[in-house]
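Structure first, then comments.
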Amino acid sequence: MNENAIRLLMFEDNPGDVALIREQLSESGGFFEILSFDLLSQGLEFLATNNVDVVLLDLGLPDSQGLNTIEMVMAKNPSVPIIILTGLDDEKIAMEAVRRGAQDYLIKGSASIEILARIIHYSMERKNAEKELKLSIERFSRALSDTVKAMAMAVEIRDPYTAGHQRRGAGLARAIALEMRLDPRQIEGVQLACMIHDIGKISIPSEILSKPCLLSSLEISLIKVHPQVGYDILKEIDFPWPIAQAVLQHHERIDGSGYPEGLKNSDIILEARILAVADVVEAISSHRPYRPAFGLKEALSEIDRKQGILYDPVVVKSCLKLFQDKNYVF
Ligand SMILES: [Fe+2]
């Protein structure tokens with residue numbers, strides 16, 4: 001067998017249809033290796049452990065009927081292009097098949113040898129382009145999250161007293177988001193926002209940040225500018241997550257008593273409501289230049305008492321569950 005041959009897997013229970021495709025493709029001048037199964041289950045078993053270049057799929061098999069068959073094939077091998085080959089001439093079903101991930105929809109016996117060969121080649125090229133695009137998006141996302149991590153390090157190097165605060169808070173924020181069953185993209189956004197939520201502290205003199213006693217009211221008002229400064233640093237970066245907004249709102253409280261804008265309830269984005277809880281739990285349980293650590297027990301009791309007043313109760317419940325039932329540790 002020619003090793004450059006295109007390996008076709010046919011899900012087809014009609015031997016006559018398999019023979020026709022075999023004959024057409026052998027006359028097309030290209031190299032094709034054709035394997036066929038008349039049961040979906042057998043074909044899927046083969047697909048799980050063997051490489052194929054294209055799947056030709058009949059939607060009416062003895063053990064599977066209809067468009068769900070597409071998803072079942074994709075679940076076994078998401079990267080193989082699927083061409084539907086069916087006797088059903090129905091435009092609506094054809095559109096739905098493509099929407100569900102099929103590369104093309106062919107009516108049995110309708111395509112000439114040349115068209116069939118071309119459709120097979122195009123489906124492989126399109127699927128490859130899809131894979132490349134997916135890889136580029138993943139590379140781009142990684143580069144963005146590495147940029148956020150580099151920014152977080154810059155803040156921590158300058159401000160050793162809060163070194164680790166953002167990192168530990170980010171771990172907790174991520175765990176809360178997971179516990180709340182947010183979708184993976186949103187979870188990543190919550191974690192990254194938390195990693196740099198105090199980036200605006202870069203504008204505050206180090207003497208204030210590391211002062212070993214309580215701060216004056218002037219110093220406190222200087223510190224309160226950091227969410228806005230953080231937002232100004234980040235707002236021009238076109239992140240796929242609302243990072244600048246979450247940083248701006250991380251000291252907002254749901255009763256409107258927070259800053260900088262005194263936003264209430266759902267006017268504060270979910271990412272910022274999660275960040276607020278993770279930030280406060282980490283801060284209370286850790287040592288600060290002007291006070292010793294109060295400890296985790298005090299931190300959890302604070303969010304428990306103030307849930308529904310300062311903090312989103314759904315977020316607080318998820319956070320408490322992590323520590324009380326799931327042995328979460330910083
Ligand atoms: Fe902060």
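Each residue takes its place number in the sequence, starting with 1. Computation of the quantities below employed the complete heavy-atom set of this structure, encompassing side-chain atoms and omitting hydrogens, waters and symmetry-equivalent molecules. Note that ligands are numbered from 1 as they come in the structure, with each ligand's atoms numbered from 1 the same way. Small disclaimer: the values here were computed from a predicted structure and weren't measured.
Under the 6.0 Å cut-off for aromatic ring centres, H197 and H226 do not qualify, their centroids lying 6.0 Å or more apart.
R118 and E114 are not joined by a salt bridge, as no carboxylate oxygen comes within less than 4.0 angstrom of a charged side-chain nitrogen. Using a 4.0 Å cut-off between a side-chain N of Lys or Arg and a carboxylate O of Asp or Glu, E130 and R126 do not qualify as a salt bridge.
With sequence neighbours excluded, the residues that form a ring pair (Phe, Tyr, Trp, His ring centres under 6.0 Å) with F46 are F37. Scanning for ring pair (Phe, Tyr, Trp, His ring centres under 6.0 Å) contacts around Y231 gives an empty result, with sequence neighbours left out. By the ring pair (Phe, Tyr, Trp, His ring centres under 6.0 Å) test, Y122 is found to be paired with no residue, residues two or more places apart in sequence or in another chain being considered.
For the Fe ion (ligand 1), the count of nearby protein N/O/S atoms, taking only those under 2.8 Å, is 4.
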